[in-house]
Amino acid sequence: MLDIEFIRNNPDIVKANTKRRGSDVDVDALLACDKEIRTLRARIDEERAVRNQAARKGKPSSAELAQRRALSDEVKTLEETLRQKNDELTRQLSALPNILSPDVPPGKDDRDNLELRKWGTPKMFSFKPKDHLALGILHDCIDVDRAAKVSGSRFYYLKNEAVLLRLALMQYGLQLFMREGFIPFFTPHLAHTRTLYGTGYLPFSPNDIWKLEGDDDLSLIGTSEQTLVGYHQDEIIERETLPRKYVGLSSCFRTEAGSYGKDTHGILRVHEFYKLEQIIFCIPEESFRWHDAALAWEERICQELGIPYRVVVVCDGDCGAPGYKKYDIEGWFPAQERYRELTSNTNLTDFQTRRLNIRTKVDTKTVFPHTISATGITDRFIIAIFENYQEADGSIRIPEVLHPFMQGVEKIDRGNVS
RNA sequence: GGAGAGGUCGCAUAGUUGGUCUAGUGCGCCGCACUCGAAAUGCGGUAGGCCUUUACAGGUCUCGUGGGUUCGAAUCCCACCCUCUCCGCCA
């Protein structure tokens, strides 16, 4: 949500931004609606003042009664109009995308992202590297065929060493982030529509959200960002306790509507996966710094895991309506011979906190903290490790930093015994 | 899931025959006084949104949420949410 005051004062910026992001919100209509509301409010306040003054005097004489009734009716009519206008304004405001950072490149999709830097050198294999699914089948670690029977396409079973690997990745990540002052969370996997609106997933991408049947107003979360940012909705966070750094573990559920036929092989694009997520609440002045810090932690993880990667600034067409600026880390996937998205790191500025009414106080002034939402580690790291760490004989080494969490397994080489 | 109780301005409480409730009181917190200093005591102040205003100040909304009744709602009616106690079920 943008500050209505900002929209009033900078209509041209908002219009240009809205157009650039392909939103069909009519900013002029929005401002007209806002103006009407202000006029209405002023009138209602005036009428109410008269009405309240009269009411405070106590019982009216029968002569006064008619007069008061007329006044009351008038206020009611105005209130009804105000309610409608307010709903209209809220609808328009919540459909407005966030302002973009000046350094976000223009573009259509992820091919137009701007490369910031590369780390590591893609390994030259003396053999044709297998893809992660082939490796997963070979070692009886990943099973998508049976998942298809039970749950459908884009689901998977992890088995054997892949189970250890997922948990090891999470343990390793948890340790890293907790040492940096993050508070660990398991969150609910279901959330109310209000929270999905507040975090900016609605109304922008309703088709990617799995809604439960029935009247409970619950949907499966697409990421623990939703539950972790929602954690503080309608709260005032003490200034002294900022920045708040949270690291959340959860399954993530996505319908992947609109991606039919895309990345159908293996477990790259799936309906359900596991993720460790960083969320940071901070004062507005510090969000640039924490955005970069979150990226630095992501890079450190990739480096310690020995996954070659590149960092990109995501272009406007791929940024997502709530984002002010987004970095992706793309890891090297040898079988595809290309970099694929491993993590995503967004500075959301005050977009979410305004919607969720999360405030803090800076020098007695109420302000909306900024939020940073960044991936820590996901199941896609399993893909990256499988493919980058495979040997000619098909075995897979385990990155050293994960050894303490692998129950002694340093190499996957069981072969196919399914 | 069943039965009962409850949700009031940081915390705790008062307030339900509808009418200066413009929400009282205690605690906590802030300021001042007294004191060498502190405690104790006394006095004053202590939510947020929106609007008018240079300021002072004032208006309005919010008593879990949303509707309704009424000239007037913390108070009456309806729906929903949440909490607590007991019972049932259960990893």
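Atom set for the values below is all heavy atoms of this structure, side chains included, hydrogens, waters and symmetry mates excluded. Reminder, nothing fancy here: chain letters follow the sequence lines and each chain counts from 1.
Across all strands shown, B:G42 forms a Watson-Crick or G-U wobble pair, both distances under 3.5 Å, with B:C32. Across all strands shown, B:U69 remains unpaired; no Watson-Crick or G-U wobble contact has both distances below 3.5 Å. Shown here, B:U60 forms a base pair with B:G49; the pair counts as Watson-Crick or G-U wobble because both key distances fall under 3.5 Å. Pair check for B:U54 finds none; no Watson-Crick or G-U wobble contact set falls under 3.5 Å. Base pairing analysis places B:U85 opposite B:A3; the two distances defining the Watson-Crick or G-U wobble pair are each below 3.5 Å.
The NE2 atom of A:His192 sits 12 Å away from the C1' atom of B:C80 (whole-angstrom rounding). Summarising the geometry, the separation between CD on A:Glu36 and P on B:C51 is reported as 17 Å, rounded to the nearest angstrom. If you take NZ of A:Lys35 and P of B:C51, they are 15 Å apart, rounded to a whole angstrom. The distance from atom CG of A:Asp234 to atom C1' of B:G48 is 12 Å, rounded to the nearest whole Å. If you measure from atom CD of A:Glu235 to atom P of B:G10, you get 14 Å, rounded to the nearest angstrom. Whole-Å rounding puts the A:Ile37 CD1 to B:C50 C1' distance at 12 Å. Remark: C1' of B:C80 and CG of A:Leu218 are 15 Å apart, rounded to the nearest angstrom. Counting to the nearest Å, the C1' atom of B:U69 and the CD atom of A:Glu79 are 15 Å from each other.
Residue A:Lys76 places its side chain closer to B:U69 than to any other of B:G68, B:G19, B:U69. Checking B:C71, B:U70, B:C51 against every side-chain atom of A:Arg8, the shortest atom distance belongs to B:C51.
Between the C1' atoms of B:U46 and B:U52, the separation comes to 25 Å (whole Å). Only the P atoms considered, B:G7 is 8 Å distant from B:G64, to the nearest whole Å. Comparing the same atom, C1', in B:G67 and in B:A73 gives a spacing of 14 Å after rounding to whole Å. Here the separation of B:C63 from B:A23, taken at their C1' atoms, is 8 Å to the nearest Å. When the C1' atom is used for both B:A47 and B:A5, the distance is 28 Å, rounded to whole Å. Here, B:C51 and B:G45 have their P atoms 28 Å apart, quoted to the whole Å. Distance check on atom C1': B:U65 versus B:A12 gives 24 Å, rounded to whole Å. Using atom C1' as the reference point in both B:C90 and B:A14, the two lie 42 Å apart (nearest Å).
Nucleotides of RNA chain B nearest to A:Arg83 and A:Ala42 differ in position, and the one nearer the 5' end is that of A:Ala42.
For A:Tyr156 and A:Glu272, the side-chain atoms include no donor-acceptor pair closer than 3.5 Å.
A salt bridge links A:Glu391 and A:Arg397; the closest N-O separation between the charged side-chain nitrogens and carboxylate oxygens is under 4.0 Å. The pair A:Glu36-A:Lys85 meets the salt-bridge criterion, with a side-chain N (NZ, NE, NH1 or NH2) lying under 4.0 Å from an Asp/Glu carboxylate O.
For A:Arg194, the salt bridge (charged side-chain N to carboxylate O under 4.0 Å, His left out) partners at least two apart in sequence or on another chain are A:Asp234. With sequence neighbours left out, A:Arg21 forms a salt bridge (charged side-chain N to carboxylate O under 4.0 Å, His left out) with no residue at all. By the side chain to side chain donor-acceptor pair (under 3.5 Å) test, A:Asn98 pairs with A:Thr349, sequence neighbours left out. For A:Asn17, there are no side chain to side chain donor-acceptor pair (under 3.5 Å) partners, not counting sequence neighbours.
Contact between the side-chain N/O atoms of A:Ser72 and the OP1/OP2 oxygens of B:U70 is not found at any separation under 4.0 Å. Contact between the side-chain N/O atoms of A:Arg38 and the OP1/OP2 oxygens of B:C51 is found at a separation under 4.0 Å.
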Per-pair distances, 0.1 Å, donor-acceptor, side chain in residues 165-181 of chain A, under 3.5 Å, sequence neighbours excluded:
unit_1   : atom_1 : unit_2   : atom_2 : d
A:Arg166 : NE     : A:Asp379 : OD1    : 3.1
A:Arg166 : NE     : A:Asp379 : OD2    : 3.4
A:Arg166 : NH2    : A:Asp379 : OD2    : 2.8
A:Tyr172 : OH     : A:Glu304 : OE1    : 2.8
A:Glu180 : OE2    : A:Arg300 : NH1    : 3.2

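Contact annotation for A:Arg194: no contact, since no heavy-atom pair falls under 4.0 Å across all strands.
Using a distance-only test at 3.5 Å, with no hydrogens or angles considered, a donor-acceptor pair links the side chain of A:Asp208 to the main chain of A:Thr255.
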Atom pairs, N/O to N/O, protein against nucleotides 57-61 of chain B, distance under 3.5 Å?
unit_1 : atom_1 : unit_2  : atom_2 : d
B:G59  : N2     : A:Asp45 : OD2    : 3.1
B:U60  : OP1    : A:Asn52 : ND2    : 3.4
B:U60  : O2'    : A:Asp45 : OD1    : 3.0
B:U60  : O2'    : A:Arg48 : NH1    : 3.4
B:C61  : OP2    : A:Asn52 : ND2    : 3.4

